[in-house]
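Order of listing sets the numbers, starting from 1, for every ligand and every atom in it. Given the structure is predicted, the values throughout are model-derived calculations rather than measurements.
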Amino acid sequence: MNALPENEGLKKRVAELEEQLRVKDAEKEKQTGHFMLMSHQLRAPLVSLQTVIKGIVEGITDDPEVVRRLLGKALARGDEMLDTINEMIVLGQLYSGGGEDFVGGTCEAVAVLVKCVETVSPSAAEKNIEIQTETDASAVAAISERALEHVFINLVENAVKYSYEGSTVHAGLKKASGGKVVFTVEDEGIGIPEEAVSGIFDEFTRADNAKKHAKTGTGLGMPIVKKIVEKVNGKIIVESEAGKGTRVEVIIPATGPAS
Ligand SMILES: Nc1ncnc2c1ncn2[C@@H]1O[C@H](COP(=O)(O)OP(=O)(O)OP(=O)(O)O)[C@@H](O)[C@H]1O
Ligand SMILES: [Mg+2]
């Protein structure tokens, strides 16, 4: 008589196990995809670099100006690879539950922002983009200078990278109640399509409009920013509209006023 409830219980258990297997498979597939993308990400610039060097070694040209231009290209590809590897090292530390040494400490947030805007300025100038910086009174943020640099550079770089020629990027920093530092970066660029917003913190994930607008990119910047911000008990909020622009807000604990 009680065969039916037992069957139901069994069915439920089988369904649970099937679901667990499905989740595991999806996770495995995701990891395999990541490895493939990672290999591709490193392979593509290496192949291009080798092609250039091979051409020079084989005497493709005697013109020193052409050789110089080719070597410049090879150098840029090498830099690209180094950036990717550096990002992966940081991400690896943060993912393995570590990274305390990397994020720990304090720094004067306004000074870090000014330095980061200077770093991004040449790529902004290339696109005739103005970066307007508005900062409040100085504040000491409870995060290492190196980690905060990663946050600011990645976000300001994205704002510039995904903006149109001649537009303006606003980068702001202010103190908020409850001992917090609030950083905002706003652009008038391509925006993030609604269906892509949830994926921007996933590693190696780039929206289709971003791939069209800027060919190169690893899709590691935002995941790194998120990991760093979470590690210091901060918060990140992204608001975006495709074709209109993007606003990113980062809230970071502060330790008190700068002297
Ligand atoms: N300001 C922005 N405007 C439009 N899209 C953005 C912006 N910031 C991030 N995105 C979207 O989020 C994705 C992930 O950003 P992320 O910085 O991780 O990667 P990336 O810029 O493509 O490459 P990289 O790792 O070199 O920074 C981008 O590819 C893009 O689709
Ligand atoms: Mg980026």
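At a threshold of 4.5 Å between non-hydrogen side-chain atoms, the residues Gln20 and Leu17 count as touching. With a 4.5 Å cut-off on side-chain heavy atoms, Glu108 and Glu145 do not count as touching. In this structure, Phe102 and His150 have side chains that are in contact, with non-hydrogen atoms separated by less than 4.5 Å.
For ligand 1 and Thr205, the ligand atoms under 4.0 Å from any heavy atom of the residue are 13 (C), 14 (C). Interface atoms of ligand 1 facing Lys161, defined by a heavy-atom separation under 4.0 Å, are 20 (P), 21 (O), 23 (O), 26 (O). In the vicinity of Ile200, heavy-atom distances shorter than 4.0 Å reach the ligand 1 atoms 11 (C), 12 (O), 14 (C). Proximity to Pro223 (heavy-atom distance under 4.0 Å) selects the following atoms of ligand 1: 18 (O). Near Gly217, meaning under 4.0 Å from one of its heavy atoms, ligand 1 places the atoms 23 (O), 26 (O). Heavy-atom contacts of Ala210 reach the following atoms of ligand 1: 29 (O), 30 (C), 31 (O) (cutoff under 4.0 Å).
We find that Glu80 and Arg77 are joined by a salt bridge, their nearest charged nitrogen and carboxylate oxygen being less than 4.0 Å apart. Lys24 has no carboxylate O lying under 4.0 Å from a charged side-chain N of Glu27, or vice versa, which leaves the two without a salt bridge.
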Checklist entry - Given Arg68 and Glu65, is the salt bridge (Lys or Arg N to Asp or Glu O under 4.0 Å) satisfied, shown in steps? => result CA-CA 5 Å; Arg68 202 184 61 81; Glu65 187 46 41; 3.0 Å; yes
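Ring planes of Tyr162 and His213: tilted class, angle from 30 to 60°. Using cut-offs of 30° and 60° on the angle between ring planes, the pair Phe152 and Phe183 is tilted.
Looking at Thr246 against ligand 1, only its side chain comes within 4.0 Å, counting heavy atoms. When non-hydrogen atoms are compared, ligand 1 lies under 4.0 Å from neither the backbone nor the side chain of Lys211. At a heavy-atom distance under 4.0 Å, no atom of Asp83 approaches ligand 1.
Checked by distance only, ligand 1 and Ile192 stay at 3.5 Å or farther apart across all their nitrogen or oxygen atoms. Remark: ligand 1 and Asn209 share no N or O pair separated by less than 3.5 Å (distance only, no angle test).
Atom CG in Leu173 sits 10.5 Å away from atom NZ in Lys175 (nearest 0.5 Å). For the atom pair Lys54 NZ and Leu49 CG, the distance stands at 14.0 Å (nearest 0.5 Å). With rounding to the nearest 0.5 Å, the separation of OG1 in Thr218 from CE in Met81 is 13.0 Å. Annotation: the span from Met222 atom CE to Arg206 atom CZ amounts to 12.5 Å, rounded to 0.5 Å.
Taking only non-hydrogen atoms, the option from Ala196, Gly199, Gly191, Gly221 nearest to atom 27 (O) of ligand 1 is Gly221. The heavy atom nearest to atom 26 (O) of ligand 1, considering only Ile190, Val156, Thr218, is found in Thr218. Taking each of Glu157, Met222, Arg206, His213 in turn, the one with a heavy atom nearest to atom 18 (O) of ligand 1 proves to be Met222.
Among the backbone and side-chain atoms of Asn158, an N/O/S atom is found under 2.8 Å from the Mg ion (ligand 2).
Nearest protein heavy-atom neighbour of atom 31 (O) of ligand 1: Ala207 N, 3.0 Å. Atom 1 (N) of ligand 1 has its closest protein heavy atom at Asp187 OD2, 2.9 Å. Of all protein heavy atoms, the one lying nearest to atom 9 (C) of ligand 1 is Asn158 ND2, 3.5 Å. Nearest protein heavy-atom contact of atom 19 (O) of ligand 1 is Gly219 CA, 3.2 Å. Protein heavy atom in closest approach to atom 28 (C) of ligand 1: Tyr162 OH, 3.7 Å.
The shell of residues lying under 4.0 angstrom from ligand 1, judged by heavy atoms, excludes Ala214. Look at Gly189 and you'll find every heavy atom at least 4.0 Å from all atoms of ligand 1.
Linking ILVMFWY residues whenever their side-chain heavy atoms come closer than 4.5 Å, directly or via other members, places Val197 and Val229 in the same cluster.
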